[in-house]
Amino acid sequence: MRDDNCIFCKIINGAIPSNTIYEDDTFQVILDVNPASKGHALILPKEHYANLYEIDEEVAAQAMKLAKKLAAHMTKVLNCDGFNILQNNGEVAGQTVFHFHIHLVPRYKDGKNNDILKWTHEEFTAEELAAICQELSLA
Ligand code: AMP
Ligand code: ZN
């Protein structure tokens, strides 16, 4: 399924150009047009899923396997010093393109953007943490 209004579907259809570093039947991996670092890439499933809630479980599992493979390959080629994988869901979480994607972000010791992905902390009491734990427990 594709979404005619989706920019990533348009890339996958070939209607919009991209710098593609990997492609198979299920995925296309492109360089981010606004990279946080050298080599910043995006894993796009060829099917349109808006986010993690909607993606097929098997495709999600394959995407993570591909992320691992590409992280190793990109680290070797780019000689980067670390690596983030990141996946945003919903506007409040920073998602701007509503077609599931995994960011592959190589990190460098002297990188310009080394403060990205650092956040401040929210405080909870021990009682609050226990209540949250109970609320979330799947056991
Ligand atoms: P997110 O904010 O997690 O939804 O990430 C969307 C990413 O897509 C951003 O990092 C954008 O720079 C990137 N992006 C948007 N349009 C394009 C495009 N045409 N080609 C490559 N990357 C894009
Ligand atoms: Zn799409």
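Remember, it's 1-based here, ligands and their atoms both numbered in the order they're listed. Values below: every heavy atom of this structure, side chains too, minus hydrogens, waters and symmetry copies. When a residue number appears, it is its place in the shown sequence, counting from 1.
- How far OG of S18 is from CD1 of I7: 10.5 Å, rounded to the nearest 0.5 Å.
- Closer than 4.0 angstrom to ligand 1 by heavy atom are I7, F8, I11, I30, L31, D32, V33, N34, L42, N88, G94, Q95, T96, V97, H101, H103, sorted by chain and number.
- Under a cut-off of 6.0 angstrom, the local environment of CD in E91 is sparse, with at most 12 non-hydrogen atoms contributed by other residues, nucleotides or ligands.
- For the pair D3 (side chain) and N5 (backbone), a donor-acceptor distance under 3.5 Å is present.
- Residues D24 and Y22 have side chains that bring a donor and an acceptor to within less than 3.5 angstrom of each other.
- With rounding to the nearest 0.5 angstrom, the CD1 atom of I43 is 11.5 Å from the CD1 atom of I30.
- Inspection of the environment of the Zn ion (ligand 2) yields the following protein N, O or S atoms under 2.8 Å: C6 SG, C9 SG, H48 ND1, H99 ND1.
- Using a distance-only test at 3.5 Å, with no hydrogens or angles considered, no donor-acceptor pair links the side chain of K38 to the main chain of C80.
- D32 places no side-chain N or O within donor-acceptor distance of the main-chain N or O of A41, the cut-off being under 3.5 Å.
- Although no hydrogens or angles enter the test, the distance criterion places a donor-acceptor pair under 3.5 Å between the side chain of T75 and the main chain of A71.
- At least one donor-acceptor pair closer than 3.5 Å links the side chain of N51 to the backbone N or O of E54.
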